[in-house]
Amino acid sequence: MKKVSLLATAAVMSVALTGIAKAADLPQRPVYKAAPIPAPMMYNWSGFYLGANGGYGWSNQCVDLTAINGIGGVFAEGCNSKGGGIVGGQFGYRWQAGQWVYGLEAQGDWANIRNTRISAQDPARTYKSTLAGLGLFTAQLGYAVNEALFYVKGGGAVGSQDFAILDSVTGTGIAFASRTRWGGVVGVGFEYGFSPNWTAGIEYDYLWRVNESNTFSTPSLAPIASITTNTKTDANLLSVCLNYKFGGY
């Protein structure tokens with residue numbers, strides 16, 4: 001019996017050792033690693049763009065009567081603030097370095113920002129001015145957070161402005177003048193890229209201009225043959241824009 005038991009034990013050990021040896025000869029199970037998650041693609045703000053804009057503008061204008069028939073004197077006619085619509089287009093170019101974005105832009109707008117006031121010296125006269133056209137030539141500095149761009153801008157502005165003196169009762173024009181005037185502009189805006197090539201944004205701009213003197217010939221106000229006024233105008237613009245950016249990602 002002992003021999004049988006020893007033989008059985010030896011047989012079991014032989015089978016076990018054979019299985020261990022075969023397991024040692026098997027190739028190791030491959031180790032699978034998860035594929036790396038690709039980094040999100042950053043929005044590219046570089047490139048040439050063009051688009052359209054529209055919104056609302058309001059201006060504050062002050063008028064001083066400085067001469068009558070060439071005889072000097074200062075008579076304050078007061079200030080007034082009125083508004084109107086603006087619509088136009090813009091084009092420009094941007095360079096992106098990391099999250100910083102630099103740009104140059106030209107913008108032109110038709111405007112209908114009208115301002116009227118009754119003369120403090122003679123209620124029979126009404127002064128009227130219309131800011132009929134605007135041009136903005138600015139540099140931009142922005143900070144991009146992928147598709148979102150926050151920026152400030154500044155530069156020069158030019159405006160086409162019409163002046164008139166009207167009869168306060170009938171509205172009949174007594175005298176007219178037109179001027180193209182230069183000034184400065186600063187602004188701030190936010191723009192969002194909702195596709196590789198299309199962006200939309202909102203912007204606020206403040207325009208200021210230096211004082212300017214205008215002499216009106218007024219034969220219908222005899223014995224007043226001429227009136228000289230000094231005007232100062234600033235404007236505030238709030239607009240939305242839609243741009244097409246060439247190049248995409």
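One is the number of the first residue; the rest follow in order along the sequence.
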What residues, two or more places apart in sequence or in another chain, satisfy salt bridge (charged side-chain N to carboxylate O under 4.0 Å, His left out) together with Arg94? Glu191
Determine yes or no for a side-chain-to-main-chain donor-acceptor pair under 3.5 angstrom, with [X] supplying the side chain and [Y] the backbone.
{"X": "Ser119", "Y": "Thr126", "result": "no"}
{"X": "Gln140", "Y": "Leu104", "result": "no"}
{"X": "Ser81", "Y": "Ser59", "result": "yes"}
{"X": "Asn112", "Y": "Gly85", "result": "no"}
{"X": "Trp45", "Y": "Asn146", "result": "yes"}

Please report the closest heavy-atom contact between [X] and [Y], naming both atoms and the distance.
{"X": "Tyr151", "Y": "Ile202", "result": "OH-O, 4.4 Å"}
{"X": "Lys245", "Y": "Pro196", "result": "NZ-O, 3.2 Å"}
{"X": "Gly159", "Y": "Arg209", "result": "CA-NH1, 3.7 Å"}
{"X": "Ala157", "Y": "Gly184", "result": "CB-O, 4.2 Å"}
{"X": "Cys79", "Y": "Arg117", "result": "C-NE, 4.4 Å"}
{"X": "Ser46", "Y": "Gln96", "result": "OG-N, 2.9 Å"}

For a 4.5 angstrom cut-off between non-hydrogen side-chain atoms, does [X] reach [Y]?
{"X": "Gln107", "Y": "Glu203", "value": "yes"}
{"X": "Thr199", "Y": "Tyr43", "value": "yes"}
{"X": "Val152", "Y": "Val186", "value": "no"}
{"X": "Asp162", "Y": "Phe176", "value": "no"}

Partners meeting ring pair (Phe, Tyr, Trp, His ring centres under 6.0 Å) with Phe137 (sequence neighbours left out): none
Trp100: ring pair (Phe, Tyr, Trp, His ring centres under 6.0 Å) partners, not counting sequence neighbours: Tyr143
So, taking the atom named [atom1] in [X] and the one named [atom2] in [Y], what distance separates them when rounded to the nearest 0.5 Å?
{"X": "Leu149", "Y": "Tyr192", "atom1": "CG", "atom2": "OH", "value": "12.5 Å"}
{"X": "Gln161", "Y": "Arg179", "atom1": "CD", "atom2": "CZ", "value": "10.5 Å"}
{"X": "Ile174", "Y": "Leu166", "atom1": "CD1", "atom2": "CG", "value": "7.0 Å"}
{"X": "Cys62", "Y": "Asp234", "atom1": "SG", "atom2": "CG", "value": "8.0 Å"}
{"X": "Thr229", "Y": "Asp64", "atom1": "OG1", "atom2": "CG", "value": "9.0 Å"}
{"X": "Thr116", "Y": "Gln61", "atom1": "OG1", "atom2": "CD", "value": "10.0 Å"}

Got a sec, which pairs hit salt bridge (Lys or Arg N to Asp or Glu O under 4.0 Å) with one end in residues 95-112, sequence neighbours left out? Glu105-Lys153
Determine whether [X] and [Y] fall in the same hydrophobic cluster, where Ile, Leu, Val, Met, Phe, Trp and Tyr are linked whenever their side-chain heavy atoms lie under 4.5 Å apart.
{"X": "Leu242", "Y": "Val87", "answer": "no"}
{"X": "Trp95", "Y": "Tyr49", "answer": "no"}
{"X": "Trp110", "Y": "Leu238", "answer": "no"}
{"X": "Phe163", "Y": "Val63", "answer": "no"}

Apart from Ile113 itself, which Ile, Leu, Val, Met, Phe, Trp or Tyr residues share its cluster (side-chain heavy atoms under 4.5 Å, direct or through members)? Ile86, Leu131, Leu134, Leu136, Val185, Leu207, Leu237
Using links of under 4.5 Å between side-chain heavy atoms of ILVMFWY residues, direct or through other members, which residues join Val169 in one cluster? none
Does Phe91 have more than 12 heavy atoms from other residues, nucleotides or ligands lying within 6.0 Å of its CZ? no
Take the angle between the ring planes of Tyr244 and Phe246 and call it parallel below 30°, perpendicular above 60°, tilted in between. perpendicular
Checking Thr228 against Thr66: is there a side-chain donor and acceptor pair closer than 3.5 Å? no
Stepwise side-chain contact (heavy atoms from CB on, under 4.5 Å) check, Tyr127 with Ile165: CA-CA 5 Å; Tyr127 294 101; Ile165 301 175; 3.9 Å; yes
